[in-house]
Novice: 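First the structure, then my questions, so here it is.
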Amino acid sequence: MSSSKIPCTLVWLRQDLRLIDNPALFHAAKRGQLITVYIFDEDCSGKRRTGQACLWWLYHSLKSLRNQLSQWNIPLIVKSGKDAFTILKELLDSYNADAIYWNRCYEPFEYNRDCSIEEKLKMENVTVETYQDRVLFEPWTIKTAKGGPVQIYVHFWNQCLSLPQPRKPYDKPKFKNQTGCQSKCDEPAVWQRLAKLSQDMPMKLQDFWHPGEEQAISKLKSFIKNSLNAYAEKSQCLRLNTTSNLSPYLHFGEISPFTVWHSVRHASSSAEPPAVKSESLKQYLRSLGWREYTCHLLFHYPDLPQKCFRSSFEQLKLQVDPVKLQSWQQGNTGYPVVDAGMRQLSVAGIMPNRLRMIVASFLIKHLLVPWQKGEEWFWSKLIDADLAQNAFNWQWAAGSGPNACPYFRVFNPITQGEKFDADGYYVRKWIPELAALPNAYIHKPWEAPSTVLKKANIVLGKTYPRPIVQHKAARELALATFGQTKRKQEPPTSNSNKRVKEE
DNA sequence: CCATAATTGTA
DNA sequence: ACAATTATG
């Protein structure tokens with residue numbers, strides 16, 4: 001038991017595994033000694049279990065942060081097995097800490113849990129401070145004239161842009177060396193379980209990713225230096241992949257949206273090269289805006305990951321064809337661009353956004369599988385799996401969401417491939433067995449003459465599958481099926497009981 | 001109430 | 001050219 005008079009603060013880490021621009025850590029460091037805890041609460045009812053790929057990331061990200069904090073002998077304790085309130089209370093008692101700080105999370109389960117923990121701790125005379133994090137604009141500050149959530153993205157983002165700029169990032173906290181405050185109740189069992197879960201990963205994530213705050217910052221810097229200027233023109237090009245690739249870092253909070261926001265704005269307004277086209281800056285910020293938008297939507301509509309936002313889509317009663325679903329999952333649909341995307345997902349845990357739209361449209365419209373099945377698969381495979389973004393994007397593709405893609409829009413996997421992977425680079429990278437196929441057929445191998453196939457060493461149905469559905473027929477069936485949703489229905493009511501943080 | 005506009009397409 | 005519906009001011 002520490003009997004020192006220096007106040008000790010517990011910092012509850014969640015999706016904010018970083019030092020730079022971490023308000024809770026910043027303020028706790030100013031106060032005095034601190035300890036940090038991460039609660040690995042996998043068996044919480046009401047909470048989604050962490051996906052397979054994300055478990056791997058989480059373990060490495062925690063390891064990296066723990067390593068950083070150890071420079072000042074600040075413990076990062078990993079706990080599990082009890083409810084969050086009990087764990088926090090026990091830690092406060094055993095370290096004789098009188099205050100707890102955390103950065104806010106906005107997923108409905110987290111937000112509600114945290115509000116009630118805050119209340120209970122305050123009743124026990126614990127000082128509780130929570131800070132805005134994860135979102136550039138608090139969800140309750142963006143509303144329509146009537147006071148409801150804004151559903152159309154353009155209106156949403158324009159409103160955000162009309163507000164004062166998001167705050168500047170905080171500096172790295174000035175920690176003091178904390179000799180004598182070593183972790184005294186760490187549970188190696190939890191840590192080992194996490195390590196084991198992440199080692200059992202069948203994917204090859206370590207070949208593609210390096211979790212950790214330092215990597216996040218260097219990714220951001222190289223994006224600004226090399227790709228930001230071309231973002232408007234080339235962000236969709238599958239060969240170049242000039243996106244920022246920050247999504248997993250943003251998800252786990254190894255970098256904050258405030259840091260990203262101000263860094264890209266600063267780069268584009270400074271006289272130093274590289275020059276950044278204003279259209280590129282605008283579009284990149286708009287992408288950040290979509291992240292913001294989905295987070296707000298989930299906050300207001302907690303059912304978003306489960307139920308169709310437009311209830312007329314619930315009546316479709318689609319039957320899952322398990323064979324087709326599996327072909328899609330394994331990247332064996334016979335449509336090269338779809339398969340390339342799905343294979344990249346299974347190996348590298350990521351897929352460019354363009355591909356996410358194509359494969360989602362394919363699963364929903366060509367294979368008539370409910371979007372929830374796709375959402376589930378992405379959840380387990382994506383290294384940046386984020387509840388709000390995943391749910392929104394799948395509902396978008398299905399046409400059942402707010403601000404969604406119209407039901408009659410069926411992505412054509414051949415023309416999409418020809419448009420965004422014109423030279424077949426992406427397909428050849430992820431489906432090497434098609435590598436020798438000439439460009440003219442790379443997105444439609446079934447149309448290649450037999451001599452061409454033979455020369456390329458391809459036997460359709462053997463080395464690469466034939467299409468599992470015919471595009472034209474599948475398209476017509478999708479239009480007829482989804483046409484049934486044309487019926488007016490009540491939109492869901494937003495969650496009005498939600499407690500709201502006063503500014 | 002009405003006018004307007006709505007991320008990323010297809011044939 | 002076109003598809004259909006809805007949110008928003």
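Each chain gets a letter, A, B and so on, in the order its sequence line appears, and its residues count up from 1.
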Novice: Could you give the distance separating B:dT10 and C:dT6 at their C1' atoms, to the nearest angstrom?
Specialist: 22 Å

Novice: Rounded to whole Å, how long is the line connecting atom CG of A:Leu479 with atom C1' of C:dA3?
Specialist: 9 Å

Novice: Using nucleotides 8-11 of chain B, report all nitrogen or oxygen pairs with the protein that are shorter than 3.5 Å.
Specialist:
unit_1: B:dT8; atom_1: OP2; unit_2: A:Arg409; atom_2: NH1; d: 2.9
unit_1: B:dT8; atom_1: O2; unit_2: A:Gln236; atom_2: NE2; d: 3.3
unit_1: B:dT8; atom_1: O4; unit_2: A:Asn353; atom_2: ND2; d: 3.4
unit_1: B:dG9; atom_1: OP1; unit_2: A:Arg354; atom_2: NH1; d: 3.2
unit_1: B:dG9; atom_1: O4'; unit_2: A:Arg409; atom_2: NE; d: 3.1
unit_1: B:dT10; atom_1: OP1; unit_2: A:Asn412; atom_2: N; d: 2.4
unit_1: B:dT10; atom_1: OP2; unit_2: A:Gln416; atom_2: NE2; d: 3.3
unit_1: B:dT10; atom_1: O3'; unit_2: A:Arg475; atom_2: NE; d: 3.3
unit_1: B:dA11; atom_1: OP1; unit_2: A:His471; atom_2: NE2; d: 3.3
unit_1: B:dA11; atom_1: OP1; unit_2: A:Arg475; atom_2: NE; d: 3.0
unit_1: B:dA11; atom_1: OP2; unit_2: A:Asn412; atom_2: ND2; d: 3.1

Novice: With no hydrogens and no angle check, do the side chains of A:Tyr301 and A:Gln151 hold a donor and an acceptor under 3.5 Å apart?
Specialist: yes

Novice: So which protein nitrogen or oxygen atoms get under 3.5 Å of nucleotides 1-4 of chain B's nitrogens or oxygens?
Specialist:
none

Novice: If I take atom OH in residue A:Tyr153 and atom C1' in nucleotide B:dA5, what distance separates them, rounded to the nearest angstrom?
Specialist: 16 Å

Novice: Could you tell me if the side chain of A:Gln165 sits less than 4.5 Å from the side chain of A:Arg265, heavy atoms only?
Specialist: yes

Novice: When rounded to the nearest 0.5 angstrom, what is the spacing between CZ in A:Phe299 and CD in A:Glu138?
Specialist: 8.5 Å

Novice: So does A:Asp421 pair up with A:Lys429, basic N to acidic O under 4.0 Å?
Specialist: no

Novice: Which of residues 422-431 of chain A sit near DNA chain B, with a heavy atom under 4.0 Å from it?
Specialist: none

Novice: Counting Watson-Crick and G-U wobble pairs whose two distances are both under 3.5 Å, find the runs of 3 or more in a row that involve DNA chain B.
Specialist: B:2-6 with C:5-9

Novice: So, is the end of the A:Lys365 side chain (NZ or CZ) under 6.0 Å from the ring centre of A:Phe411 and within 45° of the ring's axis?
Specialist: no

Novice: Give the minimum heavy-atom separation between A:Leu17 and A:Ser61, together with the two atoms involved.
Specialist: CD1-OG, 3.6 Å

Novice: Decide, yes or no, whether a salt bridge links A:Arg18 with A:Asp133 under the criterion of side-chain N to carboxylate O below 4.0 Å.
Specialist: yes

Novice: May I have the distance from A:Gln151 (atom CD) to C:dT8 (atom C1'), rounded to whole angstrom?
Specialist: 10 Å

Novice: Check each of A:Glu476, A:Lys444, A:His366 against A:His471 using the side-chain hydrogen bond (donor to acceptor under 3.5 Å, both in side chains) test, and report the only one that passes.
Specialist: A:His366

Novice: Test of understanding: with side-chain hydrogen bond (donor to acceptor under 3.5 Å, both in side chains), list the residues that count as partners of A:Trp328, not counting sequence neighbours.
Specialist: none

Novice: Please check if any side-chain donor atom of A:Ser327 sits under 3.5 Å from a side-chain acceptor atom of A:Asn332, or the reverse.
Specialist: no

Novice: Please measure how far the C1' atom in C:dA4 lies from the corresponding atom in B:dA5, and state the result in whole Å.
Specialist: 13 Å

Novice: Could you tell me the separation between the OH atom of A:Tyr407 and the C1' atom of C:dA3, rounded to a whole number of Å?
Specialist: 7 Å

Novice: For A:Tyr59, enumerate each residue passing the ring-ring contact (aromatic ring centres under 6.0 Å, His included) test, keeping only those at least two apart in sequence or located in another chain.
Specialist: A:Trp191

Novice: Testing A:Phe223, A:Trp290, A:Trp261 one by one against A:Tyr284 for a ring pair (Phe, Tyr, Trp, His ring centres under 6.0 Å), which residue passes?
Specialist: A:Phe223

Novice: Any chance you could measure A:Tyr335, atom OH, to A:Phe362, atom CZ, to the nearest 0.5 Å?
Specialist: 5.5 Å

